[in-house]
Amino acid sequence: MRLATWNVNSLKVRLPQVLQWLAAHQPDVLCLQETKLEDANFPVRDIRAAGYHALFSGQKTYNGVAILCKTQVVDALTAIPGFIDPQKRVLAANVAGLRVICLYVPNGQSVDSDKYRYKLDWLAAAIAWLKRELAMNSRLAVVGDFNIAPDERDVHDPKAWEGQVLFSAPERRVFQDLLAVGLKDSFRLFDQPDQAYTWWDYRMNAFKRKMGLRIDHILISDDLAQCCRACTIDVEPRKAERPSDHAPVVAELSM
DNA sequence: ATGGTAGAAACTCTA
């Protein structure tokens with residue numbers, strides 16, 4: 001089965017690209033972040049016409065997550081249990097024989113901001129929840145935009161980014177705490193090319209200059225790591241007209 | 001030295 005994640009930065013704008021990508025790659029599951037759509041405006045019919053069911057939790061202007069899949073889903077959750085948060089950043093469901101959790105982790109803005117504190121608090125609550133999810137689901141995939149580059153290989157200029165939001169030491173420590181729950185970064189289970197990133201700023205020709213970060217991840221439990229055959233980043237959509245600033249990440253699981 | 005680009009929405013905020 002093919003499991004993918006993509007921060008689309010507005011599903012309204014990116015819908016044609018998402019439909020094209022679904023047709024070309026036929027993932028069993030595609031998790032989306034930053035849909036920026038209220039549920040009433042979700043393009044259910046277009047997605048359905050493409051052969052996919054859709055589960056979504058959105059809001060106007062900001063955030064919003066969705067899971068598109070070829071089979072129906074059950075046991076869906078739209079929030080971290082017990083963590084009160086009006087921002088729509090979480091979607092979990094049992095789909096295609098595994099538990100899939102789609103996350104849009106807060107960006108954090110800058111390390112001295114309230115939003116950075118919110119990011120760390122949010123991640124602490126997520127980690128406590130994911131421990132419980134993993135105890136109940138040995139086949140667990142936690143995917144999405146984590147807004148954290150785990151280590152120096154994941155940053156085009158680690159010296160310049162040291163201490164900055166997305167690469168600060170506290171965020172990187174939290175990412176390790178997340179893995180310590182019992183998850184593996186599927187991308188690093190395999191040999192990978194240098195300068196493999198999933199996000200490039202729209203500004204300053206960052207994509208062409210390979211000035212990116214790897215902040216979108218597919219984390220998988222040990223049981224899924226056993227059957228993971230590949231994890232790749234598809235940079236092609238980033239080359240399109242009016243692209244998202246993120247590229248999709250795809251994992252192949254033999255199950 | 002604090003830009004620059006994009007999206008949504010409303011003349012600003014978030015990333």
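We name chains A, B, ... by the order of the sequence lines, and we start the count at 1 in each one.
- Looking at heavy-atom distances under 4.0 Å, A:F207 makes no contact with the nucleic acid at all.
- Nucleotide B:dT12 holds its C1' atom 13 Å from the CD atom of A:Q109, rounded to whole Å.
- Cluster annotation: A:W199 is not connected to A:M204 through the hydrophobic network of ILVMFWY side chains, with a link wherever side-chain heavy atoms come within less than 4.5 Å.
- What separates CG of A:N7 from P of B:dA6 is a distance of 16 Å, to the nearest Å.
- Rounded to whole angstrom, the span from the CE atom of A:M211 across to the P atom of B:dG3 amounts to 17 Å.
- Nearest heavy-atom pair, A:L103 versus A:Q33, reported as atom, atom and distance to 0.1 Å: O-CG, 3.5 Å.
- When the C1' atom is used for both B:dT2 and B:dA15, the distance is 16 Å, rounded to whole Å.
- Counting heavy atoms from C-beta on, the side chains of A:L224 and A:L98 come closer than 4.5 Å.
- The OH-C1' distance, from A:Y118 to B:dA15, rounds to 14 Å in whole Å.
- Side-chain nitrogen and oxygen atoms of A:R14 include at least one within less than 4.0 Å of the OP1 or OP2 phosphate oxygen of B:dG7.
- Within 6.0 Å of CD in A:Q192 there are more than 12 heavy atoms belonging to other residues, nucleotides or ligands.
- B:dA1 and B:dA10 have their C1' atoms separated by 30 Å, given to the nearest Å.
- The minimum heavy-atom distance linking A:R14 with A:N9 is given by the pair NH2-O, 2.6 Å.
- In this structure, the CD atom of A:Q59 is 12 Å from the P atom of B:dT14, given to the nearest Å.
- Each of B:dT5, B:dA8, B:dT14 was ranked by its minimum atom distance to the side chain of A:S10; first place goes to B:dA8.
- Between the OH atom of A:Y62 and the P atom of B:dA15 there is a distance of 8 Å, given to the nearest Å.
- Within the 4.0 Å cut-off from OP1 or OP2 of B:dT5, not a single side-chain nitrogen or oxygen of A:R242 is found.
- Between A:T61 and A:K115, the residue anchored nearer the 5' end of DNA chain B, judged by the nucleotide with its closest heavy atom, is A:T61.
- Annotation: B:dA9 and B:dC13 have their P atoms spaced 16 Å apart (nearest Å).
- In this entry the distance linking CZ of A:F167 with P of B:dA15 reads 21 Å, nearest Å.
- Using a 4.0 Å cut-off, no side-chain N or O of A:K60 falls inside it from OP1 or OP2 of B:dA8.
- Toward the 5′ end of DNA chain B lies the nearest nucleotide of A:M204, the other residue of the pair A:M204 and A:N147 mapping further downstream.
- To the nearest whole angstrom, the two P atoms, one in B:dG3 and one in B:dT12, are 15 Å apart.
- Rounding to whole angstrom units, OH of residue A:Y202 and C1' of B:dG3 are separated by 19 Å.
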